[in-house]
Trainee: 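A single structure is presented below for examination.
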Amino acid sequence: MTADLFDGLEAAGPAREALAPGAVLLRGFAWPQQAELLAAIDTITAQASFRRMVTPGGHQMSVAMTNCGPVGWVTDRGGYRYDPIDPQSGQPWPAMPELFRELAETAAREAGFAGFAPDACLINRYEPGAKMSLHQDRDERDVGAPIVSVSLGLPATFLFGGLKRTDKTQRYRLVHGDVVVWGGPARLAFHGVASLADGEHALLGRRRINLTFRRAR
Ligand code: MD3
Ligand code: FE
């Protein structure tokens, strides 16, 4: 009896929560890979360290960033772009680990976007007080491809709005291991992250790390 119920749950697959049309939260989807993900992040950041970039307007971001994969998202006084070279080292970004690619592809498939092949993985590091103001992600060539985000470490309050900056925002709490797939009508929605509350995470300490997978070109 219990086995039958359990089989039923297994057949249903991971818990899928629709946040909005096109936005699917897979709670704890990255949990099984957490140790490997953190080890891979350490390897990447040893080659391409976290840095706080400057916006075209001249403000230094509170979130520290790095990238892996064929291209990386960068900003400086000249604007936003995807660059195959890390401007800090003059070298290509570290390769995207197979584990990352597979996690992003599997999550996208679970959310109904089969065949997602990310060529960029932006790695964001939030320390207490760091935040990301409301913005759209529109530097990618094909906005038909979804964005997959993986939350690790301290919990964050994610702000999700509409297609206009002034649209009302909804708040979601994203915790360690959560994966969200943003596609379809959600792909161009305004979004941001509220100032990170202080805390202590068992594996990451006073930090939140977010992986954002994109098809940039
Ligand atoms: C919803 N990062 O790097 S990831 C970003 O938690 C960014 O670091 C946030 O927004 C973070 O651009 C949020 C979730 C996310 C990413 C892209 C989206 C949500 C999105 C694009 C459209 C709608
Ligand atoms: Fe974004």
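The shown structure was predicted, so the numbers you read here are calculated from the model rather than taken from an experiment. Residue numbers start at 1 and run along the sequence shown.
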Trainee: Going by an N to O cut-off under 4.0 Å, is there a salt bridge joining D137 and R214?
Mentor: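 A salt bridge is present here (some side-chain N lies under 4.0 Å from a carboxylate O).
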Trainee: Answer yes or no: is there a side-chain heavy-atom contact under 4.5 Å between M96 and P118?
Mentor: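 Yes; the side chains approach each other to less than 4.5 Å.
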Trainee: If you compare all heavy atoms of A104 against all heavy atoms of V148, which two are closest, and at what distance to 0.1 Å?
Mentor: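 Closest approach of A104 to V148: O-CG2, 3.8 Å.
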Trainee: Any side-chain heavy atom of Y82 within less than 4.5 Å of one from N67?
Mentor: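 The answer is no, as the side chains (C-beta and beyond) never meet within the 4.5 Å cut-off.
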Trainee: So how far is it from K164 NZ to T166 OG1, rounded to the nearest 0.5 Å?
Mentor: 5.5 Å
Trainee: Should R206 and E127 count as side-chain neighbours, where that means a heavy-atom distance under 4.5 Å?
Mentor: no
Trainee: Restricting to non-hydrogen atoms, name the atom on T66 and the atom on A48 that form the minimum distance, rounded to 0.1 Å.
Mentor: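 Looking at all heavy atoms of both residues, the closest pair is OG1-O, 2.9 Å.
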Trainee: Is any side-chain heavy atom of V54 closer than 4.5 Å to one of D76?
Mentor: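 With C-beta onward as the side chain, the pair stays apart.
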Trainee: Any side-chain heavy atom of C121 sitting closer than 4.5 Å to one from I44?
Mentor: no
Trainee: When rounded to the nearest 0.5 angstrom, what distance separates NE2 in H59 from OG1 in T75?
Mentor: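 Rounded to the nearest 0.5 Å, the NE2-OG1 separation comes out at 11.0 Å.
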Trainee: Side-chain heavy atoms nearer than 4.5 Å, only ILVMFWY residues, links allowed to pass through others: does that put L122 and I85 together?
Mentor: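 Different hydrophobic clusters.
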Trainee: Under 4.0 Å between a Lys/Arg side-chain N and an Asp/Glu carboxylate O for D142 and R215?
Mentor: no
Trainee: Would you compute the distance between atom CZ of R27 and atom CG of D178 and round it to the nearest 0.5 angstrom?
Mentor: 4.5 Å
Trainee: Locate the shortest heavy-atom distance separating G79 from P56; write the atom from each residue and the value.
Mentor: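 Closest pair (atom of G79, atom of P56, distance): CA-CG, 3.6 Å.
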Trainee: Identify the heavy atoms of C68 and A95 that sit nearest to each other, and give their distance.
Mentor: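 C68 and A95 have their closest heavy atoms at CB-O, 3.7 Å.
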Trainee: Tell me whether V181 is reachable from I123 by hopping between hydrophobic residues (I, L, V, M, F, W, Y) whose side-chain heavy atoms are closer than 4.5 Å.
Mentor: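 As far as the 4.5 Å side-chain criterion goes, V181 and I123 are connected within one cluster.
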Trainee: Take a 6.0 Å sphere around CZ of R173 and say whether it holds more than 12 heavy atoms from other residues, nucleotides or ligands.
Mentor: no
Trainee: Between CG of D139 and CZ of R81, what distance do you get to the nearest 0.5 Å?
Mentor: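 Rounded to the nearest 0.5 Å, the CG-CZ separation comes out at 11.0 Å.
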Trainee: Give a yes or no answer on whether the side chain of T106 reaches the backbone of E102 with a donor-acceptor pair at less than 3.5 Å.
Mentor: yes
Trainee: Would you name the heavy atoms of P146 and A108 that are closest together and state the gap between them?
Mentor: CG-CB, 4.4 Å
Trainee: Ring centres under 6.0 Å, that's the criterion: do F213 and W73 meet it?
Mentor: no
Trainee: Do the side chains of R101 and E105 get close enough for a salt bridge, i.e. N-O under 4.0 angstrom?
Mentor: no
Trainee: Would you sort out whether R208 and S151 count as a side-chain hydrogen bond (donor to acceptor under 3.5 Å, both in side chains), showing the intermediate values?
Mentor: CA-CA 7 Å; R208 168 178 189 256; S151 291; 2.9 Å; yes
Trainee: Going from CG on L38 to CD on Q33, what distance comes out if it is rounded to the nearest 0.5 angstrom?
Mentor: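 If I round to the nearest 0.5 Å, the distance is 11.5 Å.
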Trainee: In Å and rounded to the nearest 0.5 Å, what is the CD to CD distance from E98 to E36?
Mentor: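 Rounded to the nearest 0.5 Å, the CD-CD separation comes to 12.0 Å.
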Trainee: With no hydrogens and no angle check, is any side-chain donor or acceptor of D167 less than 3.5 Å from a backbone partner on L163?
Mentor: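 Present.
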Trainee: Can you get from I147 to V150 by hopping between Ile, Leu, Val, Met, Phe, Trp and Tyr side chains that sit under 4.5 Å apart?
Mentor: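 In one cluster with I147: V150, no.
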Trainee: Report yes or no: is the cationic atom of R165 (NZ for Lys, CZ for Arg) under 6.0 Å from the centre of the six-membered ring of F190, at an angle within 45° of the ring normal?
Mentor: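 Because its charged atom misses either the 6.0 Å distance or the 45° angle limit, R165 does not stack over F190.
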Trainee: If you define the side chain from C-beta out and look only at heavy atoms, does anything of E200 sit under 4.5 Å from L154?
Mentor: no
Trainee: Report whether Y126 and L152 are members of the same hydrophobic cluster (ILVMFWY, side-chain heavy atoms less than 4.5 Å apart, transitive linking).
Mentor: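 Different clusters: Y126 never reaches L152 through Ile, Leu, Val, Met, Phe, Trp or Tyr contacts under 4.5 Å.
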Trainee: Side chain to side chain contact (heavy atoms under 4.5 Å, CB included) for L134 and L159? Distances and angles first, verdict last.
Mentor: CA-CA 8 Å; L134 219 55; L159 311 172; 4.3 Å; yes
Trainee: Is there a side-chain contact between E110 and F29 in this structure, where contact means two heavy atoms from C-beta onward sitting under 4.5 Å apart?
Mentor: yes
Trainee: Does L99 form a side chain to side chain contact (heavy atoms under 4.5 Å, CB included) with L37? I'd like the steps, not just the answer.
Mentor: CA-CA 8 Å; L99 166 74; L37 289 170; 3.9 Å; yes
Trainee: Please check if the side chain of R171 supplies one atom and the backbone of T157 the other of a donor-acceptor pair under 3.5 Å.
Mentor: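 Absent.
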Trainee: Evaluate the criterion side chain to side chain contact (heavy atoms under 4.5 Å, CB included) for residue pair Q91 and D86; output intermediate values, then yes/no.
Mentor: CA-CA 6 Å; Q91 297 295 122; D86 174 359; 5.6 Å; no
Trainee: Do R125 and L204 come close enough that some side-chain heavy atom pair is under 4.5 Å?
Mentor: no
Trainee: Is a side-chain donor or acceptor of S195 paired with a backbone partner of K131 at a separation under 3.5 angstrom?
Mentor: no
Trainee: Once the angle between the rings of H176 and W31 is folded into 0 to 90°, is it parallel (under 30°), tilted (30 to 60°) or perpendicular (over 60°)?
Mentor: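 Answer is perpendicular, since the angle exceeds 60°.
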Trainee: Heavy atoms only: give me the nearest G69-W93 pair and the separation to one decimal.
Mentor: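 Shortest heavy-atom contact: O-CB, 3.6 Å.
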Trainee: When you check the gap from the basic side-chain N to the acidic O, do D119 and R141 get nearer than 4.0 Å?
Mentor: no
Trainee: Under a 3.5 Å distance rule, please check whether R51 uses its side chain to pair with a backbone N or O of M65 as donor and acceptor.
Mentor: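 Indeed, once roles are kept as given, a pair shorter than 3.5 Å links the two residues.
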Trainee: Go through F158 and W182 one step at a time and tell me if the ring pair (Phe, Tyr, Trp, His ring centres under 6.0 Å) criterion holds.
Mentor: CA-CA 13 Å; F158 181 77; W182 314 88; 4.8 Å; yes
Trainee: Is the backbone N or O of A189 less than 3.5 Å from a side-chain atom of H191, with the two atoms forming a donor-acceptor pair by type?
Mentor: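 Yes: the side chain of H191 pairs with the backbone of A189.
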Trainee: Applying a strict under-4.5 Å side-chain criterion to I, L, V, M, F, W and Y, I'd like to know whether F160 and V63 cluster together.
Mentor: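 Yes.
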Trainee: Please determine whether side chain to side chain contact (heavy atoms under 4.5 Å, CB included) holds for the pair V179 and L25, giving the CA-CA distance in whole Å, both sets of side-chain angles, and the decisive distance to 0.1 Å.
Mentor: CA-CA 6 Å; V179 176; L25 169 57; over 6 Å; no
